[in-house]
Amino acid sequence: MRALRILLIVAVILGGLFAIVDRVAVHFAEGKVADKLRTTENLAATPDVSINGFPFLTQVAGGELDDVEVGIKDYEAPTGNDGQKVRIDDLHADMKGVRFSGNYSSATASDATGTALISYAELLRTAKSEPTDVGLGVTARVIGLSDGGNGKIKVTLTFTAPGIKSTQPVSVLSSVTVRGNNVQVHADGLPQLDGVSLGENRIRAITDFQQGIAQLPGGIHLDTVRAAKDGVEITAKGSDVRLAG
């Protein structure tokens with residue numbers, strides 16, 4: 001009986017030591033992956049990396065990690081337009097089935113999903129915020145973007161017309177969608193100016209615009225987009241996504 005009790009005590013101690021070693025190992029691996037990601041993606045700051053699942057060492061022995069989460073703040077995504085970039089405030093990716101090479105120099109996830117947020121202030125940089133001629137001597141510009149409720153963006157514009165020193169801002173609700181590598185904003189209806197009839201195409205050249213996002217980390221691509229309180233919320237997905245290397 002005493003021998004059995006001793007064996008149980010030893011087993012508990014060894015189990016505790018294994019758990020400690022396992023957590024130390026996973027913490028070390030998270031740091032290495034974060035450093036590799038910063039270099040590979042040319043990030044300004046080191047991302048947050050969490051390797052989930054226990055035990056970690058058993059996953060390593062099998063050559064595949066169950067779940068790896070990555071968080072990147074202020075990611076500068078290329079737009080595909082003359083080297084321009086768009087700042088994504090919060091990018092979070094959840095990668096499943098991460099396989100790594102024998103020398104741990106590269107890793108690929110079988111599937112990945114992600115979320116991201118682009119602020120309205122950042123999106124405004126793409127809109128026509130400079131006065132633009134829309135015909136008949138009228139100029140227009142976008143002065144603000146905000147949450148319009150029910151997944152819509154409220155686009156606020158000002159117009160300057162001949163003989164009128166200033167006009168009150170007008171707003172339209174716009175739908176936001178994903179098309180390819182672009183986030184597109186399309187006005188559901190057009191603003192009306194008293195006594196002035198402007199062509200739809202001219203007005204839409206101001207109200208409608210698109211934000212290109214040519215590349216996201218690891219090659220995940222845009223899936224859906226929705227207007228929210230602080231900006232547009234994006235979901236992304238991909239398969240055979242490169243985590244490092």
Side-chain angles (χ1 to χ4, degrees), residues 74-91 114-216 219-237:
D74 299 327
Y75 177 70
E76 298 283 337
T79 65
N81 183 21
D82 296 329
Q84 297 180 14
K85 294 186 176 182
V86 58
R87 188 180 73 252
I88 298 177
D89 289 345
D90 292 289
L91 176 63
T115 58
L117 177 72
I118 301 178
S119 70
Y120 287 120
E122 184 68 12
L123 197 60
L124 184 61
R125 295 173 54 201
T126 302
K128 291 290 183 64
S129 57
E130 296 296 326
T132 303
D133 182 14
V134 292
L136 302 178
V138 178
T139 60
R141 69 188 184 101
V142 177
I143 62 171
L145 302 174
S146 59
D147 180 20
N150 297 319
K152 304 286 186 178
I153 293 179
K154 183 168 76 172
V155 180
T156 303
L157 310 95
T158 57
F159 291 87
T160 302
I164 301 176
K165 291 184 178 180
S166 63
T167 61
Q168 291 295 319
V170 295
S171 298
V172 295
L173 290 179
S174 300
S175 298
V176 56
T177 57
V178 168
R179 185 171 183 178
N181 292 328
N182 297 307
V183 173
Q184 296 189 329
V185 178
H186 181 83
D188 295 345
L190 297 178
Q192 301 294 324
L193 291 179
D194 293 338
V196 180
S197 179
L198 299 173
E200 178 176 347
N201 290 340
R202 291 267 193 163
I203 295 293
R204 287 203 177 277
I206 306 299
T207 61
D208 298 2
F209 58 94
Q210 64 180 22
Q211 173 64 68
I213 304 178
Q215 182 179 330
L216 290 170
I220 58 176
H221 56 268
L222 299 178
D223 185 28
T224 65
V225 64
R226 183 180 184 277
K229 178 182 177 181
D230 299 319
V232 291
E233 295 176 345
I234 295 168
T235 64
K237 64 181 181 180

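Model, not experiment: these values are computed from the prediction. What you see below is based on every heavy atom in this structure, not just the backbone, and it leaves out hydrogens, waters and symmetry mates.
- Heavy atoms only, all atoms of each residue included: Leu216 and Ala236 are closest at CD1-CB, 4.0 Å.
- Minimum interatomic distance between Ile88 and Ala77 (heavy atoms only, all atoms of both residues): CD1-CB, 4.0 Å.
- The closest side-chain heavy-atom distance from Asn182 to Ile213 is not below 4.5 Å.
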**Request:** List the steps and the verdict of side-chain contact (heavy atoms from CB on, under 4.5 Å) for Thr177 and His186.
**Result:** CA-CA 8 Å; Thr177 57; His186 181 83; over 6 Å; no
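- Here the CD-CG distance, from Gln211 to Leu123, works out to 6.0 Å after rounding to the nearest 0.5 Å.
- Listed for the Asp74 side chain is no donor-acceptor partner under 3.5 Å among the backbone atoms of Arg87.
- Contact between Val176 and Ala227 at its shortest, heavy atoms only, is CG1-N, 3.7 Å.
- Rounding to the nearest 0.5 angstrom, the gap separating the OG1 atom in Thr224 from the CD1 atom in Ile234 is 9.0 Å.
- Looking only at side-chain heavy atoms (C-beta outward), Val142 and Leu145 come within less than 4.5 Å of each other.
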**Asked** Under the side-chain contact (heavy atoms from CB on, under 4.5 Å) criterion, do Asp89 and Ile118 qualify, and how do the steps go?
**Response** CA-CA 6 Å; Asp89 289 345; Ile118 301 178; over 6 Å; no
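- Shown here for Ala116 and Leu91, the closest heavy-atom pair between the two residues is CB-CD1, 3.8 Å.
- Between atom CZ of residue Phe209 and atom CD of residue Gln184 there is a gap of 11.0 Å, rounded to the nearest 0.5 Å.
- Residues Val138 and Thr160 are not in side-chain contact: their nearest non-hydrogen atoms beyond the backbone lie 4.5 Å or more apart.
- Minimum heavy-atom separation, Gly80 to Ala214: N-CB, 3.7 Å.
- Looking only at side-chain heavy atoms (C-beta outward), Ser119 and Asp230 stay at 4.5 Å or farther from each other.
- Arg204 CZ to Ile206 CD1: the interatomic distance, rounded to the nearest 0.5 Å, is 12.5 Å.
- Put simply, the side chain of Tyr120 gets close to the backbone of Ala228: a donor and an acceptor are under 3.5 Å apart.
- The distance from atom CG of Asn181 to atom CD of Gln215, rounded to the nearest 0.5 Å, is 9.5 Å.
- Of the possible donor and acceptor atoms, none in the side chain of Gln210 sits under 3.5 Å from a partner among the backbone N and O of Val183.
- Side-chain contact between Val170 and Phe159 is present, with heavy atoms from C-beta onward closer than 4.5 Å.
- A side-chain donor-acceptor contact under 3.5 Å links His221 to the backbone of Lys237.
- Checked by atom type, the side-chain pair Thr79/Gln84 shows no donor-acceptor distance below 3.5 Å.
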Name every donor-acceptor pair, under 3.5 Å, that has one atom in a side chain of residues 146-157 and the other anywhere in the protein, sequence neighbours excluded.
residue	atom	partner	partner atom	Å
Asp147	OD1	Gly149	N	3.0
Lys152	NZ	Ser175	OG	2.7
Lys152	NZ	Asp188	OD2	3.0
Thr156	OG1	Ser171	OG	3.0

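- Val86 is not listed as a side-chain neighbour of Tyr75, based on a closest heavy-atom distance of 4.5 Å or more.
- Heavy-atom minimum distance, Asp223 versus Val178: O-CB, 3.9 Å.
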